[in-house]
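Below, all heavy atoms of this structure are taken into account, side chains as well, without hydrogens, waters or symmetry copies.
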Amino acid sequence: MSHTYMVWVIAGPAGCGKTTVAEFLSNELDAPYVEGDSLHSPENIHKMSVGIALTDEDREPWLRKIVPETIHAIKARGKPEEPRYGVVTCSALKKKYRDAIRLSARELRERYGLSVGVRFLFMSIDEEVLLKRVRGREGHYMKESMVASQVRILELPTLSEIDSVFLDVTGKMPEEVNKLAKTAVLSLP
């Protein structure tokens, strides 16, 4: 099935390189990039900034914004070509979180007749590297203590999630990761 709007969710735990890959893919696909963290409520940001892990209930409204906000960014560019790509970062750590994003796309199709597809590029890396990277961040609300909670709830995509590509970036240089990410994105219909 061909989609007018294709939303690529760059997923994985904090520190795996989502932003770097999303910015690269945004340039390569000439697609808008939405920083998923910017869609969190002030309450969620406060909780995370003081080291409190979000509950599933905290995440629900945020997850439901991922696709509509990315579609809004795509539409704002006004490009007539199809498909119209958008790239968004979102941890999407559990299958039920990815399912909530999928449901949001389905609701846009059913309610507004939009032709919307969602694909996930799920990135994984060794926990020690995640910790090191998050430690080195300045001015970001996601702190080192939150990495363990993300790793603890992490559910890698299964083979049944045919809209997902898994990319282990352990030990790879950013240029190699970007090349692999682009190949992966272009491999899914």
Side-chain angles (χ1 to χ4, degrees), residues 1-40 45 61-93 97-125 130 133 137 139-142 156-157 161-170 172-189:
M1 173 186 210
S2 176
H3 297 286
T4 303
Y5 298 101
M6 180 58 70
V7 175
W8 272 99
V9 181
I10 311 306
C16 71
K18 292 186 297 288
T19 299
T20 301
V21 166
E23 289 173 346
F24 171 79
L25 290 174
S26 173
N27 288 329
E28 289 292 306
L29 299 172
D30 191 24
Y33 163 53
V34 176
E35 172 56 61
D37 285 343
S38 70
L39 303 176
H40 273 294
I45 291 172
W62 170 64
L63 293 167
R64 302 203 37 89
K65 288 181 183 178
I66 297 295
V67 172
E69 291 295 329
T70 306
I71 297 296
H72 178 73
I74 295 169
K75 285 181 170 184
R77 291 199 85 189
K79 293 182 67 169
E81 304 90 34
E82 292 184 11
R84 298 178 194 147
Y85 292 102
V87 179
V88 61
T89 50
C90 172
S91 54
L93 297 169
Y97 301 163
R98 296 185 293 276
D99 286 344
I101 294 168
R102 291 177 184 109
L103 176 61
S104 176
R106 188 173 80 220
E107 288 173 347
L108 287 173
R109 286 191 299 269
E110 292 171 356
R111 186 172 296 145
Y112 302 107
L114 293 177
S115 178
V116 179
V118 177
R119 302 291 183 267
F120 296 87
L121 175 64
F122 198 92
M123 298 171 54
S124 180
I125 196 166
L130 296 173
R133 289 179 176 182
R137 288 181 176 173
H140 195 280
Y141 61 80
M142 181 61 85
L156 297 176
E161 294 181 76
I162 60 173
D163 58 0
S164 301
V165 177
F166 177 77
L167 185 59
D168 183 354
V169 299
T170 303
K172 294 178 175 63
M173 298 301 294
E175 298 79 21
E176 182 182 5
V177 171
N178 286 340
K179 183 178 177 182
L180 291 168
K182 182 178 178 183
T183 300
V185 164
L186 296 176
S187 74
L188 279 183

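- The salt bridge (Lys or Arg N to Asp or Glu O under 4.0 Å) test with D163 singles out one residue from R102, R98, R119, and that residue is R102.
- Within the 4.5 Å cutoff, side-chain heavy atoms of P13 are placed close to those of L93.
- Between K182 and F24, some side-chain heavy-atom pair lies under the 4.5 Å cut-off.
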* Starting from the C-alpha separation in whole Å, work towards a yes-or-no answer on side chain to side chain contact (heavy atoms under 4.5 Å, CB included) for R84 and K75. => CA-CA 9 Å; R84 298 178 194 147; K75 285 181 170 184; 5.6 Å; no
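- Distance check, rounded to the nearest 0.5 Å: CG of L39 to CG of L63 gives 10.5 Å.
- Dense packing is recorded around CG of L156, with more than 12 heavy atoms of other residues, nucleotides or ligands lying under 6.0 Å away.
- Within the 4.5 Å cutoff, the side chain of I71 has heavy atoms near those of the V7 side chain.
- A distance of 13.0 Å separates OG of S91 from CE of M123, quoted to the nearest 0.5 Å.
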- How far apart are the C-alpha atoms of Y5 and V67, what are their side-chain angles, what is the distance that settles it, and do they pass the side chain to side chain contact (heavy atoms under 4.5 Å, CB included) test? CA-CA 10 Å; Y5 298 101; V67 172; over 6 Å; no
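- A105 and V116 make their closest contact through CB-CG1, 3.9 Å (heavy atoms, listed as atom of the first residue, atom of the second, distance).
- Side chain of W8 to main chain of S26: no donor-acceptor pair is present (N/O by atom type, distance under 3.5 Å, no hydrogens or angles).
- L29 places a side-chain heavy atom less than 4.5 Å from the side chain of L186.
- Within the model, atoms CD of E23 and CD of E35 stand 8.0 Å from one another, a figure rounded to the nearest 0.5 Å.
- Rounding to the nearest 0.5 Å places CZ of R77 at 9.5 Å from CD1 of I74.
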Does the pair V87 and I10 meet the rule for a side chain to side chain contact (heavy atoms under 4.5 Å, CB included), with working shown? CA-CA 7 Å; V87 179; I10 311 306; 3.7 Å; yes
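- Heavy-atom minimum distance, A31 versus Y85: CB-O, 3.2 Å.
- A distance of 7.0 Å separates CG of L25 from CG of L121, quoted to the nearest 0.5 Å.
- Here the side chains of S164 and F122 are not in contact, with every heavy-atom distance at 4.5 Å or above.
- Not a single donor-acceptor pair under 3.5 Å links the side chain of K18 to the backbone N or O of C90.
- Checked for salt-bridge contact, E175 and K179 miss the test: no charged N lies under 4.0 Å from a carboxylate O.
- Smallest separation of non-hydrogen atoms from A92 and I101: CB-CD1, 4.4 Å.
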- Message: The test is side chain to side chain contact (heavy atoms under 4.5 Å, CB included); show your working for N178 and L180 and say whether it passes.
- Response: CA-CA 5 Å; N178 286 340; L180 291 168; over 6 Å; no
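- Using a distance-only test at 3.5 Å, with no hydrogens or angles considered, a donor-acceptor pair links the side chain of T89 to the main chain of G36.
- Between the CG atom of L167 and the NZ atom of K172 there is a distance of 7.0 Å, given to the nearest 0.5 Å.
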